[in-house]
Amino acid sequence: MIISAIRSILPIILKSAKFTPTSKEVDVLSRLVNRMKYLRSNTSSIREAARRAVDECNQSYSVNPTVELFKNKWGWNEEKLLDVLEAIWKEIKH
């Protein structure tokens with residue numbers, strides 16, 4: 001359910017067909033949103049849950065591969081990725 005929702009709503013919430021995700025991006029975003037579900041009970045905001053989910057992807061010897069994926073694909077930095085995760089969360093939860 002989350003995967004189909006992400007695939008359909010991402011271009012809408014970002015107001016551009018440029019942001020039509022491939023299977024890889026959908027899979028990554030889906031995993032982050034699913035992780036946010038578990039982290040949400042221990043955080044004070046959706047943004048904090050998103051930040052923790054993204055931070056968990058960090059590797060000590062290099063840059064965060066999740067952030068790099070979206071930076072290389074669409075030019076997003078970590079803050080933009082967090083904005084997108086918040087927007088996806090709000091769309092899926094309502």
Side-chain angles (χ1 to χ4, degrees):
M1 180 180 127
I2 291 176
I3 289 176
S4 61
I6 290 171
R7 188 173 313 246
S8 62
I9 66 171
L10 192 60
I12 294 168
I13 60 177
L14 296 175
K15 297 175 178 71
S16 173
K18 169 186 173 187
F19 301 109
T20 301
T22 64
S23 295
K24 183 176 182 175
E25 288 95 33
V26 169
D27 185 49
V28 170
L29 291 169
S30 177
R31 280 189 272 130
L32 289 170
V33 170
N34 282 327
R35 186 64 186 140
M36 287 169 63
K37 287 180 190 177
Y38 294 106
L39 295 170
R40 181 67 178 116
S41 61
N42 296 325
T43 58
S44 59
S45 68
I46 296 166
R47 180 87 171 185
E48 185 180 344
R51 185 173 304 282
R52 285 186 182 181
V54 170
D55 286 347
E56 286 179 356
C57 300
N58 208 6
Q59 299 175 1
S60 60
Y61 57 87
S62 69
V63 296
N64 189 319
T66 301
V67 174
E68 285 299 303
L69 170 69
F70 292 102
K71 183 177 182 181
N72 293 336
K73 175 77 177 201
W74 293 315
W76 296 354
N77 60 14
E78 184 173 348
E79 292 304 312
K80 178 63 176 179
L81 178 58
L82 296 176
D83 292 343
V84 169
L85 288 171
E86 277 187 294
I88 290 171
W89 180 272
K90 290 174 185 175
E91 288 296 320
I92 291 173
K93 294 300 173 187
H94 288 105

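Throughout, numbering of the chain's residues begins at 1 and tracks the sequence. None of these values were measured; they are calculated from a predicted model.
Looking at residues two or more places apart in sequence or on another chain, you find no side-chain hydrogen bond (donor to acceptor under 3.5 Å, both in side chains) involving Arg7. Remark: Ile13 pairs with Leu10, Ala87, Ile88, Glu91 by the side chain to side chain contact (heavy atoms under 4.5 Å, CB included) rule, at least two apart or across chains. In this structure, Ser45 has no side-chain hydrogen bond (donor to acceptor under 3.5 Å, both in side chains) partners at least two apart in sequence or on a different chain. For Arg47, the side-chain hydrogen bond (donor to acceptor under 3.5 Å, both in side chains) partners two or more places apart in sequence, or in a different chain, are Glu79, Asp83, Glu86. With sequence neighbours excluded, no residue forms a side-chain hydrogen bond (donor to acceptor under 3.5 Å, both in side chains) with Asn77. In this structure Asn58 satisfies the side chain to side chain contact (heavy atoms under 4.5 Å, CB included) test together with Asn64, sequence neighbours excluded.
Between Trp89 and Ile46, the closest heavy-atom pair is CD1-CD1, 3.2 Å. The nearest pair of heavy atoms linking Pro11 to Ser8 is CD-O, 3.7 Å.
Side-chain contact between Leu39 and Met36 is absent, with no heavy atoms from C-beta onward closer than 4.5 Å. Within the 4.5 Å cutoff, the side chain of Asn42 has no heavy atoms near those of the Glu48 side chain.
Residue pairs satisfying the salt bridge (charged side-chain N to carboxylate O under 4.0 Å, His left out) criterion with at least one member in residues 55-64, sequence neighbours excluded, are listed as follows: Arg35-Glu56.
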Throw together a table of side-chain donor-acceptor distances under 3.5 angstrom for residues 19-26, partners on residues two or more places apart or in other chains.
{"from": "Thr20", "atom 1": "OG1", "to": "Ala17", "atom 2": "O", "distance (Å)": "2.8"}
{"from": "Thr22", "atom 1": "OG1", "to": "Lys24", "atom 2": "N", "distance (Å)": "3.4"}
{"from": "Thr22", "atom 1": "OG1", "to": "Glu25", "atom 2": "OE1", "distance (Å)": "2.3"}
{"from": "Thr22", "atom 1": "OG1", "to": "Glu25", "atom 2": "OE2", "distance (Å)": "3.3"}
{"from": "Glu25", "atom 1": "OE1", "to": "Thr22", "atom 2": "N", "distance (Å)": "2.7"}

In a table with atom names and distances, give each donor-acceptor pair under 3.5 Å that connects a side chain of residues 68-76 to protein atoms at least two apart or in another chain.
{"from": "Asn72", "atom 1": "ND2", "to": "Glu68", "atom 2": "O", "distance (Å)": "3.2"}
{"from": "Trp74", "atom 1": "NE1", "to": "Lys18", "atom 2": "O", "distance (Å)": "3.1"}

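Considering CG of Leu32 and CG of Asp27, their distance stands at 9.5 Å, rounded to 0.5 Å.
Linking Ile, Leu, Val, Met, Phe, Trp and Tyr whenever their side-chain heavy atoms come within less than 4.5 Å leaves Ile92 and Tyr38 in two separate clusters. Both Leu82 and Ile9 belong to a single network of hydrophobic side chains, linked directly or stepwise wherever heavy atoms of I, L, V, M, F, W or Y lie under 4.5 Å apart.
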